[in-house]
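In what follows, chains are A, B, ... by sequence order, proteins preceding strands, each numbered from 1.
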Protein chains: 2
Amino acid sequence: MSVVSQATREHILKAAEHLFGQHGFSCASLRQITDEAGVNLAAVNYYFGSKEDLYKQMLFRRVRPVNEERLNLLTQAEQLAGDQPVPLRSVLDTFIRPLLRRAADSALGGMSFLRLISRDLTDPQPFMLDEMAREFDPLVTRYTHVLTQALPGTPLPELFWRMQFTIGAVLYAAAHQHDFERISHGLCRGDDFDGCIHRLIDFCAAGLGAPLSTS
Amino acid sequence: MSVVSQATREHILKAAEHLFGQHGFSCASLRQITDEAGVNLAAVNYYFGSKEDLYKQMLFRRVRPVNEERLNLLTQAEQLAGDQPVPLRSVLDTFIRPLLRRAADSALGGMSFLRLISRDLTDPQPFMLDEMAREFDPLVTRYTHVLTQALPGTPLPELFWRMQFTIGAVLYAAAHQHDFERISHGLCRGDDFDGCIHRLIDFCAAGLGAPLSTS
DNA sequence: ATTTGTTTTAAACATTTGTTTAAATCACCT
DNA sequence: AGGTGATTTAAACAAATGTTTAAAACAAAT
C-alpha cells in the first residue's frame, strides 16, 4: 500500500458520490462509476470489497463529520447558555447548518451528498439500517434532551412527533433546494443556501413551539 | 374483453402496490410481483405493456382520487368561508387529511400507497416527472392562491419556501408514521392516524404563520 | 538487474432483469 | 358441437448486473 496515491480510491469515491447521489444505490451501476472515475471495473472490489461496502464508506465519510460538527456546536451552545436552556433557534441552527452548508461546498460533497443522505434517511437501503441507527443514536439522545429544556411543558410524545416533522422538512429542503427555483418559476433562488437555513429555522422553530392542542 | 373478471389485472395491481411500495420501482421485480399475484409473468406486459406503465397506472389510480378529494374539500371550505379567507388550519386539513387517511384504509392503498407517493415525490423516477407535474399543477395553483389570502402580508417567495417545508414534513410523516412507534421506543403510537393529522396541522400552521424574519 | 509486493487490467462467470414469442387453454356465442 | 377471440402459459431472448480470476504492469528495495 503506497503512502501517497490512493488516487484511484479517491476517484472511485468521487464518482460514486456523484452517481449514487444522482440515481440512488441500485440504479447507479459499478460500470458507470468506474467509467466516470476513469478506472478499471475490478478496482471497486479490490479497494472496497463490494458495491455495498463502497456505498457505506462513501456515505459515512461525509455523514460522520456532519454529526460531529452538530454535537460540537451543541456543546458550545450549551456552554454559552450557562444554566439557562439553549434557545430553540440555536438548537435548530446546530442541527440544520452543518448539513445544509454542505450544499455550497463541493469539497464536502455538495448537493450530491445532500441528495444522498436525504434519500438514505427517508428511504434507507436495508443493509444501511443498523449502522445508520448507530450513527444517529447519539444525536437523538442529545437533541431530545436539549429540546425538552428549550420547550418546557411540552409532553415528550408531542415533542417527538414535532422532531419528526422537523426532520422531514429539513431533509426535503436539503435534497430539493436546487429544484425550488425551477418549481417556483424563479421565485425562490436555488443557490441561496443561507436564506434557506434561516427560513428553515423560522419555520421549524414556530412548528416546534406551536401552542399545545387542547384535545 | 370480458366485462367481469379482469381479476388478474387487479391481482397484479394489488401486488405491484405492495411490492413497489416496499422496495421501490427498480428493486421490485416483475417476477416478484407476478408470483405474489399468482399470475403468469407475461401477464404484466399483456395487460400493462411494460413495467413502467404498470407503475404509472398503479400509482395514478391512487393519486388522482386524493387530489380530487383535496380540491373538492378546498372548494367546500371556500364556500363555507364566504368572502372571508379560508382559515389556515382548514386549508391544511384539506391538504393533509385526504392523503393521511389512506394509511388506515387498505382499500385505498394503505401504508403501501403512502410510502409510494412519498418516495415518488421526494425521489421521482425520471419517467414519472412529466405526468406527475401535470397531475399536481392544479394543486399548486389553487393552494398558492388560497394561502396568500389566509396569510396576508406574506411575500410570495417566503410563502413558497414555507409550502415546500410543509410538503416535506407531510410526506415524511406520511411515509414514516408507522416507524415512529419503534423509533420513539413506544412513545408515539404508529396507528394514531388522526392524532398524526392534528399534530401535523398544528406544526405546519405555526410554521406557515411564523413571524416574518426582519433580515 | 532481480526480486517482491502492490496495483491494474481484460476476460469470463453466474444471475437476474424486462420483454417477446408462439402454442395452449379458456369463455362465450351461434 | 364448432368456431372465435380473449386470456394464459412455458419457454426463450438479449442485455445488464456484481463479482471473481489470473495474468500483466508497475514500483520499490536489495
Side-chain angles (χ1 to χ4, degrees), chain A residues 1-60 116 119-120 123-128 131, chain B residues 1-60 116 119-120 123-128 131:
Chain A
M1 175 173 52
S2 61
V3 56
V4 288
S5 125
Q6 290 282 66
T8 64
R9 227 187 101 98
E10 307 276 347
H11 292 155
I12 292 173
L13 283 172
K14 187 162 215 150
E17 190 167 87
H18 175 223
L19 288 165
F20 281 141
Q22 197 119 60
H23 306 116
F25 172 75
S26 42
C27 289
S29 76
L30 291 184
R31 282 168 179 81
Q32 281 180 284
I33 292 171
T34 52
D35 282 2
E36 179 166 319
V39 151
N40 186 273
L41 169 64
V44 166
N45 295 278
Y46 179 76
Y47 279 103
F48 299 94
S50 70
K51 186 186 185 184
E52 292 191 358
D53 284 328
L54 165 61
Y55 186 78
K56 281 187 198 172
Q57 294 193 38
M58 177 274 301
L59 191 51
F60 277 117
L116 269 163
R119 181 166 25 221
D120 218 273
D123 200 17
Q125 296 294 327
F127 65 86
M128 291 291 288
E131 291 183 64
Chain B
M1 175 173 51
S2 60
V3 57
V4 287
S5 132
Q6 290 282 65
T8 64
R9 227 188 101 98
E10 307 276 348
H11 291 156
I12 293 173
L13 283 171
K14 187 162 214 150
E17 190 168 86
H18 176 221
L19 288 164
F20 282 142
Q22 196 118 61
H23 307 115
F25 172 76
S26 42
C27 289
S29 76
L30 291 184
R31 282 168 179 81
Q32 280 180 286
I33 292 171
T34 52
D35 282 2
E36 180 165 318
V39 153
N40 186 273
L41 170 64
V44 166
N45 295 277
Y46 179 76
Y47 280 102
F48 299 93
S50 68
K51 186 185 184 184
E52 292 191 356
D53 285 329
L54 165 61
Y55 186 78
K56 281 187 197 171
Q57 295 192 36
M58 177 274 302
L59 191 50
F60 277 117
L116 269 163
R119 191 179 1 236
D120 219 273
D123 200 16
Q125 295 294 327
F127 65 87
M128 291 290 289
E131 292 182 63

Student: For A:Arg119, which residues count as a salt bridge (charged side-chain N to carboxylate O under 4.0 Å, His left out) partner, sequence neighbours excluded?
Tutor: B:Asp123
Student: What's the CG-P distance between B:Asn40 and D:dT8, to the nearest Å?
Tutor: 9 Å
Student: Which heavy atom in A:Asp53 sits nearest to a heavy atom in A:Phe48, and how many Å separate them?
Tutor: CB-O, 3.1 Å
Student: Between P on C:dT9 and CG on A:Asp35, what's the gap in Å once rounded to a whole number?
Tutor: 12 Å
Student: Please report, rounded to the nearest Å, how far the C1' atom of D:dG18 is from the NZ atom of A:Lys56.
Tutor: 16 Å
Student: Taking all atoms of both residues into account, what is the closest heavy-atom pair of B:Ile33 and B:Ile12, and its distance?
Tutor: CG2-O, 4.0 Å
Student: Nearest-Å distance, NE2 (A:His11) to C1' (C:dT9)?
Tutor: 17 Å
Student: What is the distance from OH of A:Tyr55 to P of D:dG18, rounded to the nearest Å?
Tutor: 14 Å
Student: In whole angstrom, what separates A:Tyr46's OH from D:dA23's P?
Tutor: 17 Å
Student: Whole angstrom is fine here: how far is it from CD1 in A:Ile33 over to P in D:dT17?
Tutor: 11 Å
Student: Atom CD of B:Gln6 to atom C1' of D:dT7: distance rounded to whole Å?
Tutor: 10 Å
Student: For nucleotides 13-24 of chain C, just jot down a letter per nucleotide in 5' to 3' order: B, S or -, based on protein non-hydrogen atoms under 4.0 Å.
Tutor: ----BBBBB---
Student: For B:Gln57, give me all partners under side chain to side chain donor-acceptor pair (under 3.5 Å), at least two apart in sequence or on another chain.
Tutor: B:Arg9
Student: If you write DNA chain D from 5' to 3' in dot-bracket form, with Watson-Crick or G-U pairs under 3.5 Å, [ ] for crossing pairs and | for pairs with another strand, what do you get?
Tutor: ||||||||||||||||||||||||||||||
Student: Tell me if a side-chain donor or acceptor on A:Lys51 pairs with a main-chain N or O of A:Ser29 at a distance below 3.5 Å.
Tutor: no
Student: Who pairs with A:Lys56 by salt bridge (charged side-chain N to carboxylate O under 4.0 Å, His left out), at least two apart in sequence or on another chain?
Tutor: A:Glu131
Student: Any donor-acceptor pair under 3.5 Å linking the side-chain atoms of B:Asp120 with those of B:Tyr55?
Tutor: yes
Student: Return no unless some side-chain N or O of A:Thr8 is found under 4.0 Å from OP1 or OP2 of C:dT8.
Tutor: yes
Student: Check B:Leu30 against B:Leu41 and note the closest heavy-atom contact, atom names and distance.
Tutor: CB-CD1, 3.9 Å
Student: Return a table of donor-acceptor pairs under 3.5 angstrom between the side chains of residues 13-24 of chain B and protein atoms on other chains or two or more places apart.
Tutor:
| unit_1 | atom_1 | unit_2 | atom_2 | d |
| --- | --- | --- | --- | --- |
| B:Glu17 | OE1 | B:Arg62 | NH2 | 3.3 |
| B:Glu17 | OE2 | B:Arg62 | NE | 2.5 |
| B:Glu17 | OE2 | B:Arg62 | NH2 | 3.3 |
| B:His18 | ND1 | B:Glu36 | OE1 | 3.3 |
| B:His18 | ND1 | B:Glu36 | OE2 | 2.6 |
| B:His18 | NE2 | B:Gln22 | OE1 | 3.2 |

